Asks: 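Below is the structure I would like to discuss, written out as structure tokens.
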There are 2 protein chains.
Amino acid sequence: MVSGAILSDIKLAAELSPRTQRAIAEKAVQVDYMPGIELYQQGDPPSPLHMLLTGRVKLYRQSRDRCQILALPANGDSIGAESLPTGGTSPYAATTLTQVRALVISTVDLQVLLDELPDFQEAFLRLITERLKQFVTLVHDLAFRDVTSRLAMVLVARAEVEGRPQDGGVLFDRLLSQQEYADVVGTAREVVYRTFKRFEDDGLVSMTRRHILIRDLDTLRSIGQQESR
Amino acid sequence: MVSGAILSDIKLAAELSPRTQRAIAEKAVQVDYMPGIELYQQGDPPSPLHMLLTGRVKLYRQSRDRCQILALPANGDSIGAESLPTGGTSPYAATTLTQVRALVISTVDLQVLLDELPDFQEAFLRLITERLKQFVTLVHDLAFRDVTSRLAMVLVARAEVEGRPQDGGVLFDRLLSQQEYADVVGTAREVVYRTFKRFEDDGLVSMTRRHILIRDLDTLRSIGQQESR
DNA sequence: ACCCCGTTGTGACCCAAGTCACAAATTGGT
DNA sequence: ACCAATTTGTGACTTGGGTCACAACGGGGT
């Protein structure tokens, strides 16, 4: 049981009727996670719903020693329970990248909400539809863009989401290691290193261990938009 | 308005209450399409819902002269209207490969069904969830499997869906050109040719212009399952 | 019977990006 | 302050598969 006020921070719940919001607030539990915690794994039975308040999470698939990150949800996004409607297993895993605070609703309670509140079911449908579109975009990018272009896209996206204007550029926290950037764009760590080096040599970005400063967002964006293959 | 009986052939509608089925049957119109007709394009406003009775369709994304096929829905599958819940634009295009017979429901009527019949909305949610899972699998395959493995998978899948046992193997119609196989697995036509040639030289398949005969389904399946990269 | 156009067959060549094998730098834990 | 574990830096080498350029084939239409 949480205070109803924080639901306005959650896209899934923000537009719903007061009655529905109250029902959600009654079922939700606020939970804090340390970085590196697996919220759920691919192949698990339907997981609880996690509505993210603060912190960052990665959604990903794994195979042996390789990993493909599917999405990096941020505050206000909701994850989990993707396979509840079909009763199958979770198609991907979720792990915290930073400390994370989330509102959690068990599958049982979630099912009750879906069954009893049509406007909640509709909002949940919108959520899944939105994610469907994200994945189609991901397939598009993997199919039509090369590694350089995809890496540029990721940098631009991160700059737009959490960048702060700084002397002659946009600054944001590192958050991901080279390996994780590689996992996002589906390539090898060394390739990320070489590509970032090229970006730095061309004066597009400056990277320190903790921060990334985008010096020329426009050029980077145009690299990210070309579909070279 | 169509006869309610054929709804049992449509996964989306088969399990629904008689009342809901009647409502669907009232709104649906049966339509026939020639091969090569675009049912809807990527970027279009939400399209009508198409419930496929006979024939085959491809869902795909395009960029310049390249094309990535996302799925090959068959009889009983429903496509279209993926972006109705969010009111965005269609994330992909759909074109008929063969002659196609489908039940079509306009977006307006579909919205009414979704709003008034909770069990229909639930079924629609299951549909979208199912497709979400398909796309995650597609990303997985693009990320972790090489072209040879992906082509083997496609052949196995097609054999399982519409193969008929034949002397020492499984036979099915060609349906796709080399170029379209290339679009399915995200590669170039020449690569498809070379890979198929290798499969033939190894005695795994025999291809004629109109048919494909799988001679060694087990080996092909094991090639399709290895995640080499 | 002929022509056009889409599909298939095939070699030569090329390059983005994956792999390997290290060294060096950080960082976190005790 | 020190050590182990992680992350980063970098060159050398390999390769899957993309590109190009044609020839040949086949099928449908008139």
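All chains are named by letter (A, B, ...) in the order of the sequence lines, taking the proteins before the strands, and each is independently numbered beginning at 1. Basis for what follows: all heavy atoms, side chains included, without hydrogens, waters or symmetry-related copies. Predicted, not measured: the structure shown is a model, and the values here were computed from it.
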Asks: Could you state the atom-to-atom distance from CG of Leu175(A) to C1' of dT7(D) in whole Å?
Replies: 15 Å

Asks: How many whole angstroms separate atom CZ of Phe196(B) from atom P of dG17(D)?
Replies: 14 Å

Asks: Take a 6.0 Å sphere around CZ of Arg64(A) and say whether it holds more than 12 heavy atoms from other residues, nucleotides or ligands.
Replies: no

Asks: Quickly work out the Glu180(A) CD to dT6(D) P distance and round it to whole Å.
Replies: 13 Å

Asks: Between Asp146(B) (CG) and dA16(C) (C1'), how many Å, whole number?
Replies: 17 Å

Asks: Which residues pass the side chain to side chain donor-acceptor pair (under 3.5 Å) test with Tyr40(B), sequence neighbours left out?
Replies: Glu82(B)

Asks: Please identify each residue that fulfils side chain to side chain donor-acceptor pair (under 3.5 Å) with Gln42(B), with sequence neighbours left out.
Replies: none

Asks: CZ of Arg64(A) versus P of dT19(C): gap in Å, rounded?
Replies: 12 Å

Asks: Show, in sequence, the C-alpha distance, side-chain angles and deciding distance for His211(A) and Arg174(A), and conclude whether the side chain to side chain donor-acceptor pair (under 3.5 Å) test is met.
Replies: CA-CA 5 Å; His211(A) 299 98; Arg174(A) 194 76 153 60; over 6 Å; no

Asks: Closest to the Arg210(A) side chain: dT27(C), dA17(C), dT19(D)?
Replies: dT27(C)

Asks: With 3.5 Å as the limit, what N/O pairs link the protein to nucleotides 9-11 of chain D?
Replies:
| unit_1 | atom_1 | unit_2 | atom_2 | d |
| --- | --- | --- | --- | --- |
| dG9(D) | OP2 | Gln178(A) | NE2 | 2.7 |
| dG9(D) | N7 | Arg189(A) | NH2 | 2.6 |
| dT10(D) | OP2 | Tyr193(A) | OH | 2.2 |
| dT10(D) | O5' | Tyr193(A) | OH | 2.9 |

Asks: Side chains of Arg198(A) and Thr148(A): do they bring a donor and an acceptor to under 3.5 Å?
Replies: yes

Asks: More 5' along DNA chain C: Gln179(B) or Arg150(A), using each one's nearest nucleotide?
Replies: Gln179(B)

Asks: Is there a donor-acceptor contact under 3.5 Å from the side chain of Glu160(A) to the main chain of Ala157(A)?
Replies: no

